[in-house]
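Here is the structure we will look at.
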Amino acid sequence: MAVITIDKVSRWFGNVVAVNDVSMSIGPGVTGLLGPNGAGKSTLIHLMSGFLAPSAGTVTLDGAPIWRNQQVYRQIGLVPERESMYDYLTGWEFVLANAELHRLADPAAAARRALELVEMTYAQERRTGTYSKGMKQRVKMASALVHDPAVLLLDEPFNGMDPRQRLQLMELLRRFGAEGRTVLFSSHILEEVEQLARHIEVVVAGRHAASGDFRRIRRLMTNRPHRYLVRSSDDRRLAAALIADASTAGIELDWTERALRVQAIDFEGFTTLLPRVAQQAGIRLLTVSPADESLESVFSYLVSS
Amino acid sequence: MNLTVVRLTVRGLLGRRRGVLLLVVPLLLLLIAAVAGGSHGDKHELAVRLLGTLGLGTLVPILCLVVGTGVIATEIDDGSIVYLLAKPLPRWQIVTSKLAVAVLTCWLFAALPVLLAGLIVYGGGGGLALGYFTGTLVASAVYSALFLLLGTVTRNAVVVGLAYALVWESLIGNFVSGARTLSVQQWGLSVGRAVAAPGEITAHLALGAAVPLLLVVALASVLGAAHRLAGLTLAGEE
């Protein structure tokens, strides 16, 4: 059982803190590393794959330090985000070279198996420089799997993939997770993570915002206070009607915007309340727009809660 | 040494346009040798200028700079080095494999043309061509190691290497005699002088000083590059 443990890890670049006092443990199964762009996901994956030294804290694989320890690569397969991969080699040559570098007993058989696994044998004689983004991703995946690693780390693996390729890769990762491998992938897209990982780790602005079962965290995200900007034919009357209901936490009359700023506690309750109240009072709704639906604001809420 | 690393490095170095560009240096040297060899002047003076000043002094360091940094800096820049480093391979094996490719390439594209140019211009007399050839063999091996190290240390390896080869060795070395002590070119010339007949090749450093310096710099470069690779960090996309 391969477990990556990040213990009180911080990493800073000059004055910029990329990862701040993060502790987490990644075990067998599929784990999603979720966070907005620039949150520190790649930094964490670089720390876990031995390509970055922690400024403070430790990163270990089954108790052994990962930094400056080449032996961990017997167990780790890494799929980096960058696409450069010896463009002058064919897919077969690339995966075979990776197998040889691992000094496997039968590199050709291992390369064949890995390419079959990612369904890339049909294009294995083509130069990787001619591959589409999705094909490159799958060949990178084959190179990471060629030595049958217990741990698979993938940095934004779905970037640039079309929906069919996305589904294929998800299916593959699910299978690896079910086989008992430790699979960690990073993403900034909530739906991607939702489809694949039961367990997620959320990072925001370099901090560990949440950890655990996806559904629990998703509920936390849905149930957070929502802010709306509402314009209507009679803002004052609408404000009075809304504040009477328990799903509304506060209302501000914004004179400059000529609109109501509403803070709702119960997301579902408010979305049914607003049209009902407006209809009953004979008020026409002109604008209803969520004010804080960006992923960043959702994540920020998780950090503060 | 690792044969897979050697194979990948050779294809990366010679398989693209750079392979054709590398031919420019030997062709230039041989062309000049062929043209100048037919002239009626002081052949010894001509050979010294061609093999020493142009060959060992200018073309060899430039070619070694392109090759020495080319075997590793490109992979570090585009991130593909990650596929070599994410393997349970000792880092010194990666460095020595890449260095072997760089050295053999420099010998083929720089040292051998120096020998041929010397034979065209001066023949085999006084061991002059052989002396410069030996000096170039030694110097290009150390240049390659040094520039390979530079490729792992800085993203501006070519600029720093050019500054060393052209400004320090060629310019400052001409005016400040002390600078010649720290000059790969001079170390190579010392070895060449020892091979050629007395008086054929001029060098400003004793062989007893040049050989240890050559060995120390080559070894330190390999160890330094291996150390750098062991702790190579990947710049994040974030």
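Residue numbers begin at 1 in each chain, while the letters A, B, ... track the order of the sequences.
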Sequence neighbours excluded and cut-off under 3.5 Å, please list the side-chain donor-acceptor pairs for residues 220-230 of chain B, or say none.
| residue | atom | partner | partner atom | Å |
| --- | --- | --- | --- | --- |
| B:Ser221 | OG | B:Val217 | O | 2.7 |
| B:Arg228 | NE | B:Thr152 | O | 3.0 |
| B:Arg228 | NH2 | B:Thr152 | O | 3.2 |

Under 3.5 Å, side-chain donor or acceptor atoms of residues 97-107 of chain A against the rest of the protein: list the pairs with distances, not counting sequence neighbours.
| residue | atom | partner | partner atom | Å |
| --- | --- | --- | --- | --- |
| A:Asn98 | OD1 | B:Lys87 | NZ | 2.7 |
| A:Asn98 | ND2 | A:Phe94 | O | 2.8 |
| A:Glu100 | OE1 | B:Thr4 | OG1 | 2.9 |
| A:Glu100 | OE1 | B:Arg7 | NH1 | 3.2 |
| A:Glu100 | OE1 | B:Arg7 | NH2 | 3.0 |
| A:His102 | NE2 | A:His147 | ND1 | 3.2 |
| A:Arg103 | NH2 | B:Gln93 | OE1 | 2.7 |
| A:Asp106 | OD1 | A:Ala109 | N | 3.3 |

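A parallel orientation is assigned to the rings of B:Tyr143 and B:Phe147, their planes being inclined by less than 30° (bins at 30° and 60°).
For the set B:Asn2, B:Leu8, B:Ile81, the entry with the most heavy-atom pairs within less than 4.5 Å of chain A is B:Leu8.
Looking at B:Leu3, there are no atoms closer than 4.5 Å to chain A (heavy atoms on both sides), in backbone or side chain. Residue contact with chain A, scored on non-hydrogen atoms closer than 4.5 Å, involves the backbone of B:Leu232 exclusively.
Note on A:Glu81 versus A:Lys41: no salt bridge recorded, every NZ/NE/NH1/NH2 to OD/OE distance being 4.0 Å or above. A salt bridge links B:Asp77 with B:Arg155; the closest basic N to acidic carboxylate O contact falls under 4.0 Å.
A 4.5 Å side-chain heavy-atom check between A:Gln137 and A:Gln165 finds every atom pair outside the cut-off. A 4.5 Å side-chain heavy-atom check between B:Trp187 and B:Leu205 finds at least one atom pair inside the cut-off. Within the 4.5 Å cutoff, the side chain of A:Arg207 has no heavy atoms near those of the A:Asp21 side chain. Taking the side chain as every heavy atom from C-beta outward, A:Arg112 and A:Gln124 never approach each other to under 4.5 Å.
Interface residues of residues 59-75 of chain A toward chain B, defined by a heavy-atom distance below 4.5 Å and sorted by number: A:Trp67, A:Arg68, A:Gln70, A:Gln71, A:Tyr73, A:Arg74. Contacts with chain B (heavy atom to heavy atom, under 4.5 Å) involve no residue of residues 125-134 of chain A.
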Notebook entry, point to check: Stepwise, does the salt bridge (Lys or Arg N to Asp or Glu O under 4.0 Å) test hold for A:Asp155 with A:Lys140?
Noted result: CA-CA 11 Å; A:Asp155 197 359; A:Lys140 276 156 64 177; over 6 Å; no

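Geometrically, B:Arg11 does not engage A:Tyr88 in a cation-pi contact defined by less than 6.0 Å to the ring centre and at most 45° from the axis.
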